[in-house]
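This report concerns only the one structure given below.
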Amino acid sequence: MSASTGTGWAQLRQQARSLESQTETLFHKYSQYAAMSNLPQKPSEEEQRTETQIQELLDKRDALIAQLARLLDSESALTASALKQNNLSRHREVLVDHKRELKRLRSSISESRDRQHLLSHVRSDIDAYRTSNPAEVEAEYMLQERGRIDNSHNMMDNVLSQAYAVNESFGVQRETLASINRRIVGAASQVPGINGLINRIGAKRRRDGIILASFIAFCMLVLFFFR
């Protein structure tokens, strides 16, 4: 009896694991519909078939878990191991998670389809309105163009204001440098002997310039007479 029970338990668990794997595969396929950005207005045959297959697998797993539970209850307290209890609990948890995931995907696909359907209706209404009211559409377009032109003008005004501010800053800096130069010259003129030294330096430069100019003139005369 114990060997027969063990064999039956192992076979049912193997079937449960196989159905769980098949469910995961179908979930991967079914979740692609929830991720689509352009769902058809009505579910396709493949989408309906995938959803039906997932539901059938969940029902089969529900029945298998019930069989495992009855098989475990039929065993005596001595032969019913804690491992079997954990395996049964694990299969139940996975089944609950998969049922919750199917419900979530159904809701997500339905919401996405409704949203796209609503957007399609809105676009159709807008196109119909534009077709029946060309004058208002033209006025709206002109207002949009006017808004873009105003934005361009505002940007140009901002750039010009910045340029004027920079130019004014340069003017203030030039005035500041000129004022500093005047103060330096004024301070230097008040120091004893500075004016005389500056005059002597200027006189020496003028004398050196006269000597250099005379020498150049002499050389040119020599070249003119002896060429």
Side-chain angles (χ1 to χ4, degrees), residues 4-75 80-145 147-148:
S4 176
T5 302
T7 303
W9 175 271
Q11 291 177 347
L12 291 176
R13 277 213 64 213
Q14 184 178 1
Q15 293 179 28
R17 288 195 297 267
S18 176
L19 293 179
E20 287 174 357
S21 178
Q22 295 177 37
T23 306
E24 291 285 353
T25 301
L26 288 175
F27 267 137
H28 177 71
K29 182 179 180 181
Y30 191 58
S31 63
Q32 295 177 357
Y33 294 101
M36 289 178 61
S37 59
N38 189 19
L39 276 172
Q41 185 174 353
K42 294 182 178 180
S44 63
E45 293 183 2
E46 184 178 3
E47 178 184 344
Q48 293 177 336
R49 182 169 57 253
T50 303
E51 181 181 349
T52 302
Q53 289 174 345
I54 293 175
Q55 186 61 59
E56 290 176 351
L57 286 175
L58 295 178
D59 294 340
K60 289 180 180 179
R61 288 165 57 188
D62 225 341
L64 271 176
I65 290 175
Q67 292 181 29
L68 286 171
R70 287 194 299 271
L71 193 60
L72 191 60
D73 291 340
S74 66
E75 295 184 1
S81 65
L83 179 60
K84 289 183 178 180
Q85 293 284 357
N86 291 334
N87 289 337
L88 182 59
S89 298
R90 178 56 183 165
H91 286 306
R92 282 173 174 164
E93 290 174 0
V94 175
L95 179 60
V96 170
D97 290 340
H98 283 175
K99 287 181 177 180
R100 187 183 299 115
E101 180 66 8
L102 178 60
K103 183 178 179 180
R104 186 190 69 82
L105 288 175
R106 279 174 174 168
S107 176
S108 178
I109 292 174
S110 178
E111 290 176 0
S112 178
R113 182 169 279 116
D114 291 342
R115 183 169 57 253
Q116 292 182 24
H117 184 62
L118 177 61
L119 291 176
S120 177
H121 273 291
V122 171
R123 284 193 294 266
S124 299
D125 292 342
I126 293 174
D127 293 339
Y129 173 78
R130 289 178 174 177
T131 303
S132 59
N133 299 276
E136 294 185 10
V137 173
E138 181 68 20
E140 180 182 355
Y141 173 77
M142 296 302 295
L143 287 175
Q144 292 176 354
E145 286 296 318
R148 284 191 283 267

Which distance, rounded to the nearest 0.5 Å, do you find between the [atom1] of [X] and the [atom2] of [Y]?
X: Asp62; Y: Leu57; atom1: CG; atom2: CG; value: 12.0 Å
X: Leu64; Y: Leu88; atom1: CG; atom2: CG; value: 11.0 Å
X: Ile65; Y: Leu95; atom1: CD1; atom2: CG; value: 4.5 Å
X: Glu20; Y: Asp97; atom1: CD; atom2: CG; value: 10.0 Å
X: Tyr30; Y: Leu102; atom1: OH; atom2: CG; value: 6.0 Å
X: Leu26; Y: Leu19; atom1: CG; atom2: CG; value: 10.5 Å

- Exercise: do Ser18 and Gln22 side chains pair donor with acceptor under 3.5 Å: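 Result is yes, a qualifying pair exists.
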
- Task: Run the salt-bridge test on Glu101 and Arg104 with the 4.0 Å N-O cut-off and return the result as yes or no.
- Result: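 Salt bridge flag = yes for Arg104 with Glu101.
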
- Got a salt bridge between Asp73 and Arg70, using NZ or NE/NH1/NH2 to carboxylate O under 4.0 Å?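 So Asp73 does not pair with Arg70 through a salt bridge.
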
- Applying side chain to side chain contact (heavy atoms under 4.5 Å, CB included), run through Arg106 and Gln55 and close with a yes or a no. CA-CA 11 Å; Arg106 279 174 174 168; Gln55 186 61 59; 3.2 Å; yes

Shortest non-hydrogen contact from [X] to [Y]?
X: Glu47; Y: Tyr33; answer: N-OH, 3.5 Å
X: Leu105; Y: Ala34; answer: CD2-CB, 4.2 Å
X: Trp9; Y: Leu68; answer: CZ3-O, 3.4 Å

- For Gln48, all residues meeting side chain to side chain contact (heavy atoms under 4.5 Å, CB included), sequence neighbours excluded: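 Counting only residues at least two positions away or on another chain, Gln48 forms a side chain to side chain contact (heavy atoms under 4.5 Å, CB included) with Pro43.
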
- Task: Apply side chain to side chain contact (heavy atoms under 4.5 Å, CB included) to Ser107 and list each qualifying residue two or more places apart in sequence or on a separate chain.
- Result: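 Expected list: Glu111.
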
Determine yes or no for a side-chain-to-main-chain donor-acceptor pair under 3.5 angstrom, with [X] supplying the side chain and [Y] the backbone.
X: Ser21; Y: Arg17; value: no
X: Ser112; Y: Ser108; value: no
X: Ser74; Y: Leu71; value: yes
X: Asn87; Y: Leu83; value: yes
X: Thr50; Y: Glu46; value: yes

- Item | 4.5 Å side-chain heavy-atom contact, Gln53 and Arg49 |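 Heavy-atom side-chain distance check passes, below 4.5 Å.
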
- His98: partners by ring pair (Phe, Tyr, Trp, His ring centres under 6.0 Å), with sequence neighbours left out: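 Per chain and number, His98 pairs via ring pair (Phe, Tyr, Trp, His ring centres under 6.0 Å) with Phe27.
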
- So with a 6.0 Å cut-off around CD of Gln32, is the heavy-atom count from everything else above 12?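 Atom CD in Gln32 is packed in, count exceeds 12.
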
- Of Arg90, Arg92, His91, which meets side chain to side chain contact (heavy atoms under 4.5 Å, CB included) against Val94?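 Going through the options one by one, the only one that passes is Arg90.
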
